[in-house]
Protein chains: 2
Amino acid sequence: MWGGSPLGLSSAAVPSPPRSSRERARLQVDERRSQLLELGLQLFSDHSYDELSIDDIARAAGISKGLLYHYFPSKRDYYVEVVRRAAGQLIERTDAASQEVSVEALHGALDAYLDFVDQHARSYVALVRGGIGSDPEVVQLLEATRRTLTERIVSRISADEPPPLLRLALRGWIGLVESASLDWLDRREVPREQLRGLLEQMLVATIMAAGVTPPVL
Amino acid sequence: MWGGSPLGLSSAAVPSPPRSSRERARLQVDERRSQLLELGLQLFSDHSYDELSIDDIARAAGISKGLLYHYFPSKRDYYVEVVRRAAGQLIERTDAASQEVSVEALHGALDAYLDFVDQHARSYVALVRGGIGSDPEVVQLLEATRRTLTERIVSRISADEPPPLLRLALRGWIGLVESASLDWLDRREVPREQLRGLLEQMLVATIMAAGVTPPVL
DNA sequence: ACGCGCTATTGAATCAAAGTCAATAGTCGA
DNA sequence: TCGACTATTGACTTTGATTCAATAGCGCGT
């Protein structure tokens with residue numbers, strides 16, 4: 001059903017192993033590991049989890065299947081690590097902007113977020129769509145990422161735990177940001193500033209709807 | 001990695017085949033088909049796609065593996081049909097309320113939606129989380145479902161195609177509804193009416209943020 | 001009632017892809 | 001230069017999806 005040929009993606013779709021040296025290239029553990037994660041991010045951005053076989057991945061990396069298992073205990077673990085790395089990048093790249101204060105802070109944070117969305121469109125889509133069907137670990141990972149993003153905002157509203165309704169509302173807003181971002185990538189009908197403006201306004205509305213007076217703006 | 005025992009879910013986790021009659025029970029095509037879809041909805045609500053093997057499903061249905069393939073060309077197709085049915089139910093159950101007018105209409109529609117969320121919690125979660133990693137057909141199916149839901153609302157704002165920004169904003173709102181619903185199910189910290197109120201307010205805010213004056217409210 | 005054909009149903013065989021492991025071979029320190 | 005350590009391999013095992021020829025309920029015509 002999936003791919004007509006033996007594997008949906010042969011030499012054509014998947015990057016070939018490093019050009020020349022077709023010998024055993026022995027790398028340092030960390031190098032290889034991050035090479036594999038890097039590659040995984042690319043591959044999973046273009047192909048769904050079970051479109052990609054371990055053999056495909058190994059071939060694309062120019063290594064044997066066995067080696068993949070030397071680095072990751074299972075395909076699933078490998079996938080989870082790839083997602084973890086992507087989530088980490090999202091957190092990182094949107095971090096710088098969050099140190100400023102007040103209005104500019106929000107502005108900057110959203111800009112950074114949309115930068116990421118824009119520049120890593122395919123990875124972003126793969127990331128938020130969550131890949132594997134409800135793998136508990138992936139779900140948890142994504143949820144943790146969203147929490148981190150949320151907390152940056154919450155911390156600007158109050159130092160304490162937010163009341164339940166506000167938490168719920170903010171969680172909803174994150175969902176809004178993700179859905180809007182996906183739709184935006186898909187159509188590109190609206191200028192980016194307009195999207196940012198929309199998300200900003202919606203955040204304010206969210207906070208107010210939760211019965212809290214927004215401190216800034 | 002996944003289940004310790006041969007299959008993560010043996011007789012314990014999965015409903016047993018129909019009590020008595022352990023002979024070939026020959027059913028009408030439509031009966032069997034919907035029995036299988038019904039069962040699938042339950043199973044996939046509790047277990048992820050690849051936690052469930054075809055054998056598990058067949059065993060739970062009290063039929064042979066081969067018969068499943070008589071009804072559905074592949075496990076994936078089976079899954080897609082199950083999702084389609086669940087999406088259909090969501091659309092159905094929230095449909096009655098959408099024929100009324102104005103404020104009550106929105107109220108009623110959201111109530112119906114939250115009824116579904118509440119009563120079919122597990123299926124709802126499985127549904128919106130999308131199951132399989134970005135299976136194109138599933139993604140498309142869910143997107144179509146969201147569009148249907150959105151259009152019920154849009155049609156009350158204007159008869160025409162909504163401007164791009166409004167479309168985008170409403171798509172975002174749907175994401176907000178889904179995220180908030182999931183979070184609500186997960187924690188149950190907030191009374192249901194409060195959630196409905198939040199979603200209502202957010203819809204108004206969404207429409208306004210998109211630069212449109214909401215016709216009602 | 002009775003047999004006959006249609007097709008729902010089965011179970012064993014096939015195939016693909018995940019996961020294992022003993023054997024091989026770079027590389028680095030002495 | 002020589003081991004020793006371990007990254008790397010490839011062939012094997014296992015698991016689970018998919019196929020298919022053979023079997024057997026059930027309704028229909030007589």
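Labels below follow one simple rule: chain letters A, B, ... track the order of the sequence lines, proteins then strands, and each chain is numbered from 1.
Between the OH atom of Tyr49(A) and the P atom of dA17(C) there is a distance of 13 Å, rounded to whole Å. Protein atom CD1 of Ile63(B) is 16 Å distant from nucleotide atom P of dG25(D), rounded to whole Å. Between Lys75(B) atom NZ and dA16(C) atom C1' there is a gap of 14 Å when expressed in whole angstrom units. Between the P atom of dG16(D) and the CZ atom of Arg76(B) lies a distance of 17 Å, rounded to the nearest Å. Regarding Arg33(A), its CZ atom lies at a distance of 18 Å from the P atom of dT6(D), rounded to whole Å. Between Leu68(B) atom CG and dT19(D) atom C1' the separation is 14 Å, expressed in whole Å. Ile54(B) places its CD1 atom 12 Å from the P atom of dG16(D), with the value rounded to the nearest Å. Distance Tyr71(A) OH to dT6(D) P: 12 Å, rounded to the nearest Å.
Between Arg32(B) and dT9(C) there is a side-chain polar atom (N or O) within less than 4.0 angstrom of OP1 or OP2. The phosphate of dA8(C) (OP1 or OP2) has a side-chain N or O of His70(B) nearer than 4.0 angstrom.
Closest to the side chain of Leu67(B), from the set dA17(D), dT10(C), dA18(C), is dT10(C). Distances from the side chain of Ser53(B) to the nucleotides dG16(D), dT9(C), dT19(D) place dG16(D) closest. The side chain of Ser74(B) lies closest to dT18(D), out of dT9(D), dT18(D), dT9(C). Nearest to the side chain of Asp55(A), among dA17(C), dA7(D), dG11(C), sits dA17(C). The listed nucleotides are dG19(C), dT19(D), dT8(D); the one nearest the side chain of Tyr69(B) is dT19(D). Comparing dT9(D), dT9(C), dA18(C) by their nearest atom to the side chain of Ser64(A) picks out dT9(D).
Both cation-pi conditions hold for Lys75(A) and Tyr49(A): the charged atom is under 6.0 angstrom from the six-membered ring centre and inside a 45 degree cone around its axis. Cation-pi geometry between Arg171(A) and Trp173(A) is not met at under 6.0 angstrom from the ring centre and within 45 degrees of the axis.
Defined by atom type and a distance below 3.5 Å, a donor-acceptor pair is present between the side-chain atoms of Arg196(B) and His107(B).
Interface remark: the Lys65(A) side chain does form a donor-acceptor pair with the dG19(C) base, using a distance-only criterion of under 3.5 Å.
The pair Arg188(B)-Asp183(B) does not meet the salt-bridge criterion, since no charged nitrogen lies less than 4.0 angstrom from a carboxylate oxygen.
Residue contacts for Phe72(B): at a heavy-atom cut-off of 4.0 Å it reaches no nucleic acid atom on any strand shown.
Other residues, nucleotides and ligands contribute only 12 or fewer heavy atoms inside 6.0 Å of the CD atom of Gln140(A).
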